[in-house]
Amino acid sequence: MSRRWSAVAWGAGGVLVLVALWEAYKFLGPADGVVLGTTRVLPRTTDLAMPHVWDMLGRLAEPVTRSPSAPPLWGAILLAALTTLGIAAAGWLVGVVVGVGLALVMQRWRLAEWGLLPWIVLSQTVPLIAFAPVVKSWGSRVEIGAFEWQDWMSVALIASYLAFFPIAVGALKGLQSPDRIHAELMQTYAAGYWATLRKLRFPAAVPYLLPALRLGAANAVVGAVVAEVSTGLQGGIGRLLIQFAGQASGDPAKAWGPIFGAVVLGLVAAGSVALLGAILKNYRRTEETA
Amino acid sequence: SGGTDSGDGGDTADGDLTPVKLQLQWLPQGQFAGYFAAAEQGYFEEEGLEVEIIPSGGDIVPQDALANGDVDYAIAWVPKVLGSIEQGANLTDIAQIFQRSGTLQVSWADSGIESIADFEGKKIGSWGFGNEWEIFAAMADEGLDATTVQIITQDFNMNAFLQGDIDAAQAMTYNEYAQLLETVNPDTGELYEPSDFNVISYEETAGAMLQDAIWADTERLESDEEYQETTVAFLKAVVKGWVYAAENPEEASEITIAAGSGWGPSHELWMVNETNKLIWPSEAGIGIIDEAAWDKTVAGALAAVNESGAHLITEEPPASAWTNEWIQQALDELEADGLDLTGEGFEPIDVTLEEGGN
Amino acid sequence: MATATGTAAITAARVGGTAAARSRREAVLRVVAPIAVGLIVLGAWQFLVSVVGVSDYLLPSPQSIAEEFVAYWPSILSAAVITGTNAFVGLVVGTVLGLALAALAARWRAIDRMSAPVVAALAVVPIVALAPVLNSMFGADSQFGRQAIAALASFVPVFLNTLRGFRQTTPVHRDLMKAYAATSGQVLRTITLPTARPFMLTGIRIASSLAVISALVAEYFGGPRGGLGSLISTSAASSAYARAWAYVVASIALGLLFYLATLALERLVQPRTTRQRTTEGST
Amino acid sequence: MTDPTTAPAVAAPAGGGAPDAVAAPPGTPAVEIRGVDKTFDTRSGLVPALDGIDLTVAEGEFVSLIGPSGCGKSTLMRLIADLDEPTSGEVRVFGKTARQARRDQDYGIAFQQAGLLPWRTVAANVALPLELHGVASASRRDRVAELLEMVGLADFADRYPDQLSGGMQQRVAIARALAERPRLLLMDEPFGALDEMTREKMQAELVRICAETGAAVVFVTHSIPEAVFLSDRVVVMSPRPGRIQQVVSMQLGADASRTEALREERAFFEMVTVVREALHGAPAGGARGVETR
Amino acid sequence: MTDPTTAPAVAAPAGGGAPDAVAAPPGTPAVEIRGVDKTFDTRSGLVPALDGIDLTVAEGEFVSLIGPSGCGKSTLMRLIADLDEPTSGEVRVFGKTARQARRDQDYGIAFQQAGLLPWRTVAANVALPLELHGVASASRRDRVAELLEMVGLADFADRYPDQLSGGMQQRVAIARALAERPRLLLMDEPFGALDEMTREKMQAELVRICAETGAAVVFVTHSIPEAVFLSDRVVVMSPRPGRIQQVVSMQLGADASRTEALREERAFFEMVTVVREALHGAPAGGARGVETR
Ligand SMILES: Nc1ncnc2c1ncn2[C@@H]1O[C@H](COP(=O)(O)OP(=O)(O)OP(=O)(O)O)[C@@H](O)[C@H]1O
Ligand SMILES: Nc1ncnc2c1ncn2[C@@H]1O[C@H](COP(=O)(O)OP(=O)(O)OP(=O)(O)O)[C@@H](O)[C@H]1O
Ligand SMILES: [Mg+2]
Ligand SMILES: [Mg+2]
């Protein structure tokens, strides 16, 4: 317990050092930054480019606009972050299903692994942002019975596209991880594919799956935010990001609010998966002893 | 739009409402005040419509949403849609809401950039996403091609210009120009003044192009009678909305804020007011497409070449690309209501901008 | 004994090179299978567009994409060079920073513990969200903002993997070095760096794809035009989807190029034996 | 000390495919291996691992396989367990094919590594085969308790494998192998990873357990004293391709019980010497080995 | 066979801190351990690992440490190597402090795992200590060739460790330990991972190498026959906290040369039995152990 507190204290120290660096540079650095040749290698220090840390934090407490109905900035950001979190979670779940499904197929048939894995790796070089409008447009065509495609689903779909990759790779590794001795033990028990999967492969995959799920969660958040920007979905943090960036000339501190929101959002998403890891700690015993 | 079979777009306000989807070009803001006013004031319902206004933003291309059948009408700039039409979209401009271009190119007062000809060798800001064609068209008229300048993509604010990364920034009269005037001049501690800037208005150049127009699906317009009726009803409500916005700019700006605009009240009011200026006066009646302006836009679009050598369009758009038929019908029907459809009595108001637009 | 060997030889002759054949077949399948999958998808796509008649406007056919690709080849090439340069600069800077900070963190626990929350945040924050503020900070007229984003994106996996690599030295090797009374410089050279090397290379390989994607996505948030990202958005904005897809294809190729280059680096820098051993544990 | 007259009876070398010299006991033999060859088809060519193996293990008999590394001990055992298939020849377990015997769970198996599932408690590990074969949870619990009692780990039922010493883990693995009361136990160097003292303790325990269950055992080991201490017969193999070099029947005296005291008896050392010499191909001290053929 | 008169002389138990019963040979002893305690301060409390250890290893002497797992054999060896420091007491190597001896490279060391650097060839692995201590590249090459010749791996100089068998890897590790001609060799279960036959071969080779180099050896093992075969004296330790239980001098007859034949001699078996009994605390067969005290 005390170790955890000391980690928190050190971490807080690290953040403080960062803040101190920011302010020190802002105080000492030239207004137009440090330019080497034609490239500016250190940033400008104007209030427009680098607001004071206290201005950024202070701005969070003020209302979004002067309009009487405006909520405080932090409230608007919190609400948007929660919205995005929900979308990212949906995308993450889809990513888990697809990723684990692909991993199962690839683990079962080597030919599938050879045929699919290179494409799965390649898929990560595809700039998804280019597809956001296409996904939205395709999605809007889907209407099955009472089910109607919502715009947020397009965003979730894009989030899942980013999330599935680490999960597929991690799950494949995990499913392939059982020692030969364990696989053969199951064989001597004349255990079938599903029994082996349930009793051996899935439990053995947990230590590989957890970091993959965490990475997937972080990726889902990135995907959700970028896709919100890209499809213009309202209500999420991505939307606030462009909206407040648009107001940054007159109100530079405001643009940082959604960035802090995105950081918190990512940490919460990754942290929730860490919680999952705590629940499954018995499946991670090899990790701890190794 | 296929939901009702009453076929009656008329006055049955409390009967079945015809659902209509309208795709905006950007986030909810004063630029679209007339549509939000029409919704809020119940004009759509009066016409028997239930209109869902879909905001855009990011990479969503309104005319594509329309061409794909996702929506029934879309607001988009004419040059951008001309490009889509050449790519195979089948769309028709049914009402030219903005009668003039609201695009400016802003430079510092001491920069020496006073006309398009001064662009040569300068860093010229543009948002991309098809907003750059006016620049290229204006430059083409001056004999400059896209490679003689450096095009910098502006992001969502004016910082790049304020910090000198861009020599001349693209700005809409109703938005980015106001952003400049909402920013504190670090030298004086006061907000920037209009006198701090040189402003080139594309409306006064050969590059001027028609902007916010209402687009409809050409095929449905030709063959679907129900859609035709809906179109007239829709246009009537929209016109009423814009008339309301012209007469009640404060209320209109409050309506857009309530509809989800993220701007502060002063900026919003500025935007409604400036938008009104682009619409009114409208000698032939609001929404009527001026053939000369249309032809000028087409000529500009044909002339413009971007820096990767791509043309916006390479041939004249088809005749179906625009028609005054429906807006004329709508205006005729509204004539009786005694509305000011030409903006004869329109008087812009004075708006004081606050720091940060808040 | 002689007969037994003889039998074995006969058996060997009869079964004749099946294992070799099998391994050859495997090598072929490893190449053919992904190509087959790709062709099937491409074929289905073309079929959807040209036979089923999904509108070319919505989903351009591979053929029309290829045509656009050829037509705009010079512009695609120069755009790829711009984006590729940004990604490369970012990758190099991010890698150097990642390696350096990981070395410091491995050496001083204080740095490790203080950097933990910052790195954790960097790992989860959508780095492209920083694009607008970076453009303000460094100027929208330079590619620096994009390079900075690519560098930040590359930094995280390089740092994390390298730090892990620095912690992989086995106790027996450390004891050995102590028994040899080796200086800390010698320990670094003979044990720590070679042990960490495969982990560093893995980090760089992961970073390579990230660098390309980030540099490209960052172009959507302002800055000079001409890169793949801004051309994709411009083309899409004028509904020239086939052209947009042609730029997308180019960006995929660019990402692949980076990935393969880092893979080649890995093969080059790393002796055969250790590679086999570590590729399993470290990806 | 190296008096040839004290040399024990040694079975005929099995290289030529002759049947076991020791007569099979009444009843179906637990394992019957006839003319088995095994060749691995690897990328670098064919690897002959076993050549002309004939071996019969009677019910309740304890047979050890010993031989240099790579001689095919594990391979032979895997053939019996139907984890691999012979290239030619036949393996029968309790009169059935090896496959059938595996399906019927006629044997229990333990490897060099305990191979416990790290995420399961000791009890859950032992219960695994019962669980897989649908034994009801109540009788499963009873059987597990009984087994853990037998291997002396009743107090550790709820521990996880990483909380146990190597010897304890191996005992859990043995309990698991015994879970379904197999009449045949296959063990591949189960004590290889243990230190000498623990190993001796485990050997004594194995002797006790075998006596209790009456199972036949095929036991792979590298240790001569271990093979001698445990076995009724020791099968000495020669490498590349693996052949049975000799089958040595343990003659430890009529009154020899397998207790700790046995390890210090003269007969024990003599049998160790006999197996050593068989293993080295020729006797280290003289030409005695030749006479026994 | 269990005749008490044949029991060899056994040194006095060293638990009470009495000096070694066997007189130190002339010259400085290779290792001198006086009253050493070692307590580990772990998260779960203090772990006493060694308690009152006194031991002297003469120059050229071969001393084995044997004892149950966890009795502190490795710890003791690490103290000699100055990889750890004693909590109290003194360790001197060739009359210097352990630290000085380490700095002077007075010993060579080999562990249970070969601990080769996988990215270096066999030759480069052997050359490592020479490289670290600035030996010129030409003489380095000569010495490496000589060493590889000695361990019989001259043909494998350019292979990588993972291309070698366990026994070959261990031979490389021994060559590496011998690289700087140390007068003291520390070996912690160097053959623990090998199979019995390879192990016996390696033992014979170690005997030869020791004879060639004349180095003193401190050798940790779990195997009684191994300790008996190799050593001049066997130090038997008892666990928790580790104490020296007995120091047994090997009495294998005046003419006993350490050849393969020795393994089958009666004296060998008898010494095995003596060590076994010392290890088990009391004789397995009777009360004989008491008499030897
Ligand atoms: N799956 C396999 N593929 C190819 N060759 C194999 C395979 N399994 C074993 N072999 C080879 O067959 C021979 C016998 O191997 P096996 O494992 O049965 O020996 P072993 O007697 O158990 O050795 P050890 O004592 O080291 O365990 C060896 O040469 C080995 O390399
Ligand atoms: N670094 C350490 N920290 C804490 N305790 C230790 C450490 N090293 C050894 N011990 C403890 O000291 C005792 C002796 O350990 P040591 O490794 O010397 O035993 P050993 O005789 O070599 O055992 P083995 O035969 O298993 O190698 C054990 O109880 C062990 O847990
Ligand atoms: Mg084996
Ligand atoms: Mg030890």
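Chain letters run A, B, ... following the sequence lines, proteins first and then strands; every chain starts at 1.
- Considering only heavy-atom pairs separated by less than 4.5 Å from chain A, the leading option among B/Ala65, B/Pro55, B/Ser266 is B/Pro55.
- Counted within 6.0 Å of NZ on B/Lys21, heavy atoms from surrounding residues, nucleotides or ligands total 12 or fewer; the atom is thus considered open.
- Taking a 6.0 Å sphere around CH2 of B/Trp77, one finds it holds more than 12 heavy atoms contributed by other residues, nucleotides or ligands.
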Exercise. Would A/Ser249 and B/Leu162 count as a side chain to side chain contact (heavy atoms under 4.5 Å, CB included) if you check the C-alpha gap in whole Å, the side-chain angles of each, and the deciding distance to 0.1 Å?
Worked result: CA-CA 8 Å; A/Ser249 295; B/Leu162 287 169; 3.9 Å; yes
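- Closest heavy-atom contact between B/Pro28 and A/Arg239: CD-NH2, 3.8 Å.
- Around CH2 of A/Trp74, the count of heavy atoms belonging to other residues, nucleotides or ligands within 6.0 Å does not exceed 12.
- The CD atom of B/Gln163 sits 8.0 Å away from atom CG of A/Asp32, with the distance rounded to the nearest 0.5 Å.
- When heavy atoms are compared at a cutoff of 4.5 Å, B/Glu354 approaches chain A solely by way of its side chain, counted from C-beta outward.
- Comparing B/Ile257, B/Asn175, B/Leu181, B/Asn159 by heavy-atom pairs within less than 4.5 Å of chain A, the highest count is held by B/Asn159.
- The shortest non-hydrogen separation linking B/Asn157 to A/Ala248 is ND2-CB, 3.4 Å.
- For the set B/Phe161, B/Tyr192, B/Trp263, the entry with the most heavy-atom pairs within less than 4.5 Å of chain A is B/Trp263.
- With rounding to the nearest 0.5 angstrom, the CD atom of A/Gln234 is 10.0 Å from the OG atom of B/Ser56.
- For B/Glu219, the CD atom sits in a loose shell: 12 or fewer heavy atoms of surrounding residues, nucleotides or ligands are nearer than 6.0 Å.
- Heavy-atom proximity under 4.5 angstrom to chain B picks out A/Arg44, A/Thr46, A/Leu48, A/Ala49, A/Arg59, A/Val64 from residues 42-64 of chain A.
- For A/Gln247, the parts sitting under 4.5 Å from any heavy atom of chain B are the backbone and the side chain alike.
- Residue B/Ser253: no heavy atom, backbone or side chain, is found under 4.5 Å from chain A.
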